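Let me begin by presenting the structure, written as structure tokens, before commenting on it.
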Amino acid sequence: MPELPEVETVRRGLVPVMEGAVIAGAEVRRPDLRWPLPERMADRLAGRTVLRLRRRSKYILADLSSGETLIVHLGMSGRILVSGALQGRFARAHAPHSSHDHVVFSMGNGARVTFNDARRFGAMDLVPTAEVESHWLLRALGPEPLGNGFDEVYLAGRLRGRRTPIKAALLDQRVVAGLGNIYVCEALHRAGINPKRQAGRIGTHRVGALASVIRAVLTEAIDAGGSSLRDYRQADGELGYFQHTFRVYDREGTACRTPDCTGTVRRIVQSGRSSFYCPACQR
DNA sequence: ATGTGTTCCTGTCCGC
DNA sequence: TGCGGACAGGAACACA
């Protein structure tokens with residue numbers, strides 16, 4: 001579930017609980033997620049202060065006072081729950097652990113942060129802060145779509161000559177970091193580009209529009225997450241899920257939402273993933 | 001180098 | 001109500 005906007009929403013939800021706070025203890029309830037958890041992770045976290053919570057692509061990065069950084073990826077089904085008291089703002093009782101609560105952080109301020117991941121495609125690692133960018137999971141990532149390194153000139157350069165469908169190219173984290181299946185579908189719809197179109201065969205002008213709508217769709221989703229954050233916290237402390245109004249994603253068979261378009265949303269499979277698009281207005 | 005298909009894991013939903 | 005199959009927001013990996 002978590003693409004860049006969801007991960008950013010989780011990060012923002014964790015900032016008031018974790019940033020500047022001490023990790024009193026960490027309980028590792030199973031030894032592995034997608035890969036084995038870091039050696040002696042609980043010992044290396046206990047007593048450390050979280051200096052800063054950052055995000056790179058879909059990774060949450062917690063810089064610690066020990067000089068190490070905890071890298072967290074939510075995979076497909078990873079979620080984070082916050083409970084416990086902090087200035088009365090998180091006055092939610094600790095729920096009993098579920099079988100998918102794999103790592104539990106007990107903060108010095110009384111909050112509890114639980115990493116839950118049914119499918120266990122998530123991951124954690126703990127490395128020197130100076131080595132985060134060169135970590136094997138992060139080193140090949142393309143630019144942040146909301147950062148300065150991503151614009152129409154960059155994107156055009158990366159798509160030039162590529163014969164792969166634009167859908168696959170945008171899902172490639174080396175091209176641009178943080179997009180997933182939902183937001184690629186949404187961005188292509190807004191840009192009026194058929195997901196099957198060869199990446200290198202999109203006109204310069206339309207590539208410019210694409211870069212622009214990618215930023216817009218992500219920004220809107222982050223804003224929506226921010227506005228729903230408080231509601232979700234009040235509900236059950238769960239971070240990372242919020243309602244979106246998608247224009248095509250998961251809307252197979254329904255009317256296209258492009259103004260004046262009479263098309264019907266279709267679903268096709270591209271490299272094993274569902275693509276939702278409108279054949280009438282995406283060319 | 002590029003592009004495609006498989007794989008990890010569990011939960012949910014839909015049709016019979 | 002049970003059961004089988006399809007499918008799920010990721011991405012590393014093996015292979016053409």
Side-chain angles (χ1 to χ4, degrees), chain A residues 1-11 29-37 55-60 71-80 98-103 115-125 135-142 145 157-189 195-201 214 217-218 220-222 224-225 228 232 238-253 266-277:
Chain A
M1 56 225 51
E3 301 184 31
L4 187 156
E6 289 75 24
V7 175
E8 176 61 18
T9 298
V10 170
R11 187 194 71 81
R29 298 169 57 80
R30 68 168 292 139
D32 61 301
L33 296 171
R34 180 167 188 176
W35 297 288
L37 288 163
R55 179 189 57 75
R56 171 74 169 109
S57 186
K58 301 170 192 173
Y59 295 89
I60 292 173
I71 302 173
V72 178
H73 195 283
L74 299 172
M76 287 274 258
S77 57
R79 56 190 77 184
I80 290 179
S98 88
S99 61
H100 301 308
D101 290 347
H102 303 310
V103 179
F115 180 93
N116 176 293
D117 184 8
R119 291 175 74 180
R120 273 187 285 118
F121 291 168
M124 290 188 194
D125 204 355
H135 189 277
W136 66 281
L137 286 169
L138 282 79
R139 66 186 170 208
L141 291 174
R158 288 306 300 257
L159 299 183
R160 190 168 300 132
R162 292 196 61 177
R163 307 174 68 88
T164 196
I166 184 64
K167 172 77 185 309
L170 293 180
L171 281 176
D172 184 343
Q173 302 295 298
R174 296 169 299 186
V175 173
V176 56
L179 292 179
N181 204 34
I182 291 177
Y183 295 107
V184 168
C185 290
E186 293 296 309
L188 288 174
H189 180 256
K196 291 182 286 191
R197 177 165 289 275
Q198 288 186 18
R201 298 202 167 196
I214 285 171
V217 76
L218 294 176
E220 286 175 28
I222 290 171
S228 67
Y232 271 81
E238 180 174 322
L239 299 175
Y241 286 83
F242 45 91
Q243 288 300 313
H244 300 280
T245 307
F246 301 128
R247 298 191 190 175
V248 283
Y249 183 79
D250 204 21
R251 292 192 64 241
E252 182 183 18
R266 275 194 68 193
R267 183 180 84 92
I268 60 172
V269 175
Q270 292 179 285
S271 50
R273 317 273 320 260
S274 288
S275 292
F276 298 90
Y277 74 106

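Proteins get letters first, then strands, A, B, ... in listed order; numbering begins at 1 in each. The structure presented is a predicted model; accordingly, all values stated were derived computationally and were not measured.
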Tell me whether the side-chain N/O atoms of A/R119 come closer than 4.0 Å to OP1 or OP2 in B/dG11. no
Have a look at A/G180 and say if it touches a base, only the backbone sugar-phosphate, or nothing, with a 4.0 Å heavy-atom cut-off. sugar-phosphate
Any donor-acceptor N/O pair, A/E186 side chain to A/Y249 backbone, under 3.5 Å: yes
Measuring to OP1 and OP2 of C/dG10, would you say a side-chain N or O of A/H73 lies under 4.0 angstrom away? no
Just name whichever nucleotide pairs with B/dT4, Watson-Crick or G-U, keeping both distances under 3.5 Å, else none. C/dA14
Would you please determine if the base of C/dA11 is stacked by A/F121, with stacking meaning a centroid separation under 5.5 angstrom and planes under 30 degrees? no
Out of A/L171, A/V217, A/L4, A/L218, which one pairs with A/L179 under the side-chain contact (heavy atoms from CB on, under 4.5 Å) rule? A/L218
For a quick check of understanding: with a heavy-atom distance under 4.0 Å over all strands, which category does A/R120 fall into, base, sugar-phosphate or nothing? sugar-phosphate
Measure the distance from CZ on A/R79 to P on B/dT12 and round it to the nearest whole Å. 9 Å
Taking the C1' atom in each of C/dG9 and B/dG3, what is the distance between them to the nearest angstrom? 23 Å
From CG of A/D117 across to C1' of C/dG10 the rounded distance in Å is 11 Å
When you measure from the side-chain N and O atoms of A/K58 to the phosphate of C/dG9, is any distance below 4.0 Å, counting only OP1 and OP2? no
Pairwise 5' ranking along DNA chain B for A/R30 and A/A168, keeping only the more 5' one: A/A168
With sugar-phosphate meaning primed atoms plus P, OP1 and OP2, does A/L171 contact a base, only sugar-phosphate, or nothing at under 4.0 Å between heavy atoms? nothing
Over 12 foreign heavy atoms within 6.0 Å of CZ, A/R30: yes
Which part of the nucleic acid, if any, lies within reach of A/R174 when heavy atoms closer than 4.0 Å are counted: base, sugar-phosphate only, or nothing? nothing
Tell me whether the OP1 or OP2 atom of C/dG9 has a side-chain N or O from A/Y249 closer than 4.0 Å. yes
Output yes when a side-chain donor or acceptor of A/R158 lies under 3.5 Å from a complementary backbone atom of A/R160, and no otherwise. no
Nearest 0.5 Å, please: how far is CD in A/Q198 from CG in A/L159? 12.0 Å
Can you find a side chain N or O atom of A/S274 that sits less than 4.0 Å from OP1 or OP2 on C/dA8? yes
Rounded to the nearest angstrom, tell me the gap between atom CZ in A/R158 and atom C1' in B/dT2. 12 Å
Could you give the CD1-to-C1' distance, from A/I182 to C/dA8, as a whole number of Å? 10 Å
Paired nucleotide for B/dT12 [Watson-Crick or G-U wobble; both distances under 3.5 Å]: C/dA6
Output the single nucleotide from C/dG10, B/dG3, B/dT10 whose closest atom is nearest the side chain of A/R162. B/dG3
A/Q270 has an atom CD; how far is it from atom C1' of B/dG5, in whole Å? 14 Å
Could you please name the option among B/dT10, C/dG9, B/dG3 that lies closest to any side-chain atom of A/R163? B/dG3
A/M76 CE to C/dA11 P, in whole Å, measures 10 Å
Does the A/K167 side chain pair with the main chain of A/S274, one donor and one acceptor, at a distance under 3.5 Å? yes
Has A/H100 got a side-chain N or O lying under 4.0 Å from the OP1 or OP2 atom of B/dC9? no
Rounded to whole Å, the NE2-P distance (A/H102 to B/dC8) equals 17 Å
Between C/dA11 atom P and A/R139 atom CZ, what is the distance in whole Å? 16 Å
Below the 4.0 Å mark, does C/dG10 have OP1 or OP2 next to a side-chain nitrogen or oxygen of A/R273? yes
